[in-house]
Amino acid sequence: MEENTLDTVISMPRIGDAAPEFTAVTTQGTINFPEDYAGNWVILFSHPADFTPVCTSEFMTFATMEDKFAKANCKLVGLSIDGLYSHIAWLRNIKEKIEYKGMKDVEVNFPLIEDIKMTVAKKYGMIQPNEDSTKAVRAVFFIDPAGIIRAIIYYPLSLGRNFDELYRVIIALQAADKFEVATPADWNPGDDVIIGPAGSCGTAKDRMEDSDIDCKDWFFCTKKLDKEAVFDAVLNN
Ligand code: BEZ
């Protein structure tokens, strides 16, 4: 009953929420989410449909980068509102027939959820009816090892994602946790990081006088964080 109400269609999990739970059939067997991923970061993402060109370019790119995400303790899980056999046929086609930007013979080894009843898509706000009422938008949920949603990005149907940015987000979230810092605009490993706002006049004064900290003013302080330290922390977690 509740499954079909507009409220359910437009329910949107938020940053800081526990990832909504579900059990689903995928191209790699049944998964219990997020339970099966406890202890790992996971990117849960949706795409509009199988056998479509933008989605094909995205899957080839993500599959090619899967090892790089795995080294950052991050697993990938895809979803579209298509059935299991469509998923299998599409992924076989990609491997056997599609060559794109130097990628060929690409095998998609991460699970792709069949969601023909839109059960998962509705739980995660992946259906945005004014964009399309039967296809998922390109949603990306970054979920931490405790099953908490830490970042969300949505793209419309026509816009393919930037997978280097998705990787940057995974690294930045882990670096922020590990070193208790924030990351400024366009941050990449090796760039200076931001120290959280001073909570007292004493802290503000100390920071202005600390030679290891570069304060543009008392509220805007950065410090060095080596690229190696970031990758050591993230890749050995
Ligand atoms: C695509 O993946 O190519 C696509 C899917 C739905 C609408 C537009 C493009």
For salt bridge (charged side-chain N to carboxylate O under 4.0 Å, His left out), just list the numbers for Asp177 and Arg150, CA-CA rounded to whole Å, side-chain angles, deciding distance to a tenth of an Å, and then say yes or no. CA-CA 11 Å; Asp177 284 0; Arg150 299 291 300 278; 2.7 Å; yes
Decide yes or no on salt bridge (charged side-chain N to carboxylate O under 4.0 Å, His left out) for Lys224 and Asp226, but give the supporting numbers first. CA-CA 6 Å; Lys224 304 231 162 292; Asp226 289 346; over 6 Å; no
If you apply the rule side chain to side chain donor-acceptor pair (under 3.5 Å), what do you find for Ser200 with Thr203, and how did you get there? CA-CA 5 Å; Ser200 70; Thr203 309; 2.8 Å; yes
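- Between Thr30 and Asn32, the side chains place no donor N or O within less than 3.5 Å of an acceptor N or O (distance only, hydrogens not considered).
- Atoms CD1 and CD1, from Ile127 and Ile81 in turn, are 3.0 Å apart once rounded to the nearest 0.5 Å.
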Evaluate the criterion salt bridge (charged side-chain N to carboxylate O under 4.0 Å, His left out) for residue pair Asp105 and Lys95; output intermediate values, then yes/no. CA-CA 5 Å; Asp105 202 22; Lys95 179 167 164 52; 2.8 Å; yes
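- His47 and Phe59 have perpendicular rings, their planes meeting at more than 60° on a 0 to 90° scale where under 30° would count as parallel.
- Grouping the Ile, Leu, Val, Met, Phe, Trp and Tyr side chains by contacts below 4.5 angstrom, directly or via other members, places Leu44 apart from Val25.
- Under the rule for a salt bridge (charged side-chain N to carboxylate O under 4.0 Å, His left out), the partners of Arg161 that lie at least two apart in sequence or sit in another chain are Glu58.
- Remark: Lys68 qualifies as a cation-pi partner of Tyr167 under the 6.0 Å distance and 45° angle criteria applied to the six-membered ring.
- Here the straight-line distance linking atom CD of Glu96 with atom CD1 of Ile94 works out to 11.0 Å at 0.5 Å rounding.
- Minimum heavy-atom separation, Ile149 to Arg14: CB-O, 3.8 Å.
- Phe62 and Phe45 have their aromatic ring centers within a separation under 6.0 angstrom.
- Heavy atoms only, all atoms of each residue included: Ala63 and Val106 are closest at CB-CG1, 3.6 Å.
- Using a 4.5 Å heavy-atom threshold, the side chains of Cys221 and Phe219 count as separate.
- A donor and an acceptor atom, one from each side chain of Asp115 and Ser80, are nowhere located under 3.5 Å apart.
- With rounding to the nearest 0.5 angstrom, the CD1 atom of Ile31 is 11.0 Å from the NZ atom of Lys75.
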